[in-house]
Protein chains: 4
Amino acid sequence: MWLQVDARSSVPMYQQLVEGVRLAVARGDLRAGDRLPSVRELASAMVINHNTIARAYQELEREGLIEVLRGRGTFISQTPAVARPEERREEMRESLRKLVLDAYHLRMSQEELESMLRSQWKQFDGRRG
Amino acid sequence: MWLQVDARSSVPMYQQLVEGVRLAVARGDLRAGDRLPSVRELASAMVINHNTIARAYQELEREGLIEVLRGRGTFISQTPAVARPEERREEMRESLRKLVLDAYHLRMSQEELESMLRSQWKQFDGRRG
Amino acid sequence: MWLQVDARSSVPMYQQLVEGVRLAVARGDLRAGDRLPSVRELASAMVINHNTIARAYQELEREGLIEVLRGRGTFISQTPAVARPEERREEMRESLRKLVLDAYHLRMSQEELESMLRSQWKQFDGRRG
Amino acid sequence: MWLQVDARSSVPMYQQLVEGVRLAVARGDLRAGDRLPSVRELASAMVINHNTIARAYQELEREGLIEVLRGRGTFISQTPAVARPEERREEMRESLRKLVLDAYHLRMSQEELESMLRSQWKQFDGRRG
DNA sequence: GTGGTCTAGACCACT
DNA sequence: GTGGTCTAGACCACA
């Protein structure tokens, strides 16, 4: 299964599911038009309550990443438009700000942090390849 | 007040307090040996429940950034040793991983992301002077 | 095809079909006595389940806009009597109530809303011409 | 109770709650800073499951109409910013389009429809006074 | 079959 | 006390 969640994590399972699908799309494991497992299929496969799956799917639909075709199932959108890009860029800036602060307390240099970033980018790109 | 929290934020108030102190130390607004306000002082000044302040102080103490001298008060540590550095580095890697994923969905290039990081570093360094 | 539906929409496909026919009649694209495609014809042409088409036709028949002549086909009524006009007027009032509320939240004035209404009326009248 | 829902309606109860709060704010029954009943209070008062209330509150929070102060409760926002005004204006145009079509089938004139609109506006404004 | 909604009851984090 | 999450099981509308 290309999706997995950790029930003990402090981040909610439905959020983990959302991020899992986002990742799968980013990596190309899921492409536009691909059908997602039905709510109940996935629920039974992952031994998770179906409401939890449904909530994740709804979140993804609001984001525009997936589309629900009534009675037929759930699919990756043809047009994965980025919702509120400026807001999300600002969130990224905020995350980076916090990251820089943490790096300072870990006595990391700018170079170290950047190389860490490059390494993550490479891994992601590699897996996407 | 060099410290401020937003009760509306989704990040817990005690966490915001922790980060606020970390930032103040990083910027040099607080230096080794400086005395922090007492839990009750700060609680009344910020109109926040004192349990929330206490929890933040506990967190900071566990992290080694502050020291509680019983009966005398709370102070910025002389030796702000980095507690569990490997754990925290791993957390940073995790944050970067998520950041890279988000950058992808925002259709950002590696260059853009890095330049955003450098910009944050610069701002932080500037304010630290 | 003068009829089209969006499976992604939150409004049920059979509803979209009903409204599509209503619009076609209002615009004069369909006139009294005109024959509608058979359920199966339309279903195959639009790649939609025939139950969905059937349900739309039932709705339109109940409403008096079309007539089913058994064995001969489905036709636009000669006498498109308005079924349950008071009920439908009440529904319109309800819609307008909701519209006014939304307009308020969008900080629109009564004039703006009315001008928007007039503009829609004009467009409709124009297409009907 | 200024809020009421119809369990038999086809529109979901959580949606009715959302609209009820929107209405109360528009009418001035709820003002910026006012505290909403807690999820469980309201749930027991309305004999509705608390999850249903929670869902409505979450929807309203996403809209920006209300704010959750962690551990303290839920309040009407000071800054009820209009989220995605252009999208919502387009939705209004769409509603008006459908309204005009219905008016045609009810043999209503433009004047009748406009007077119906003015009457709704007046009632709303009156109750808001 | 699909997703959407609701209830009942539980546990958790935060203030 | 507050809201947030999750499970279990039910019913409904739609295709």
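Everything quoted here is computed from the prediction, not taken from an experiment.
At distances below 3.5 Å, not a single donor-acceptor pair connects side-chain atoms of A:Thr74 with backbone N or O atoms of A:Val68.
For residues 42-56 of chain A, proximity to DNA chain F is found at A:Ile48, A:Asn49, A:His50, A:Asn51, A:Thr52, A:Arg55, defined as any non-hydrogen atom under 4.0 angstrom from a strand atom.
Residue B:Leu23 holds its CG atom at 12.5 Å from CD of B:Gln16, rounded to the nearest 0.5 Å. Going from atom CZ of B:Arg97 over to atom CG of B:Asp102 covers 13.5 Å, rounded to the nearest 0.5 Å.
Annotation: A:Arg62, atom CZ; neighbour count of heavy atoms from other residues, nucleotides and ligands within 6.0 Å is above 12. Other residues, nucleotides and ligands place more than 12 heavy atoms under 6.0 Å from the CZ atom of B:Arg88. Heavy atoms from other residues, nucleotides or ligands lying under 6.0 Å from CZ of B:Arg8 number 12 at most.
OP1 or OP2 of F:dG4 has at least one side-chain nitrogen or oxygen of D:Gln58 nearer than 4.0 Å.
Listed by chain and residue number, nothing satisfies the salt bridge (charged side-chain N to carboxylate O under 4.0 Å, His left out) test with A:Glu19 (two or more places apart in sequence, or in another chain).
D:Glu41 comes within contact range of the sugar-phosphate backbone alone, with a heavy-atom separation under 4.0 Å but no base atom that close. Among the protein residues, D:Thr74 comes within range of the sugar-phosphate backbone only, with heavy atoms under 4.0 Å from sugar or phosphate atoms but none that close to a base.
Atom CD of A:Glu59 is separated from atom C1' of F:dG4 by 13 Å (rounded to the nearest Å). If you measure from atom CG of D:Asp6 to atom C1' of E:dC6, you get 14 Å, rounded to the nearest angstrom. The distance from atom CG of C:Leu17 to atom C1' of F:dC14 is 13 Å, rounded to the nearest whole Å. Atom CE of B:Met13 is separated from atom C1' of E:dA13 by 14 Å (rounded to the nearest Å). Atoms CZ (A:Arg40) and P (F:dA8) sit 14 Å apart, rounded to a whole Å. Between the CZ atom of A:Arg62 and the P atom of E:dG4 there is a distance of 11 Å, given to the nearest Å. If you measure from atom CG of D:Leu36 to atom C1' of F:dG3, you get 13 Å, rounded to the nearest angstrom.
Both D:Gln16 and A:Arg35 lie near DNA chain E, and the one whose nearest nucleotide falls closer to the 5' end is A:Arg35. The residue among A:Arg70 and D:Arg70 whose nearest nucleotide of DNA chain F is located toward the 5' end is D:Arg70.
Checked against E:dC6, F:dC6, F:dA15, the side chain of C:Pro12 finds its nearest nucleotide in F:dA15. Comparing atom distances between the B:Tyr14 side chain and each of E:dC14, E:dA10, F:dA15 picks out E:dC14 as nearest.
Here the options are C:Leu42, C:Leu36, C:Leu3, the test is side chain to side chain contact (heavy atoms under 4.5 Å, CB included), and the partner is C:Ile53; only C:Leu42 passes.
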Applying the Watson-Crick and G-U criteria (both distances under 3.5 angstrom) with [ ] for crossing and | for other-strand pairs, one obtains for DNA chain E ||||||||||||||.

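Residues C:Leu106 and D:Pro85 are in side-chain contact: their nearest non-hydrogen atoms beyond the backbone lie under 4.5 Å apart.
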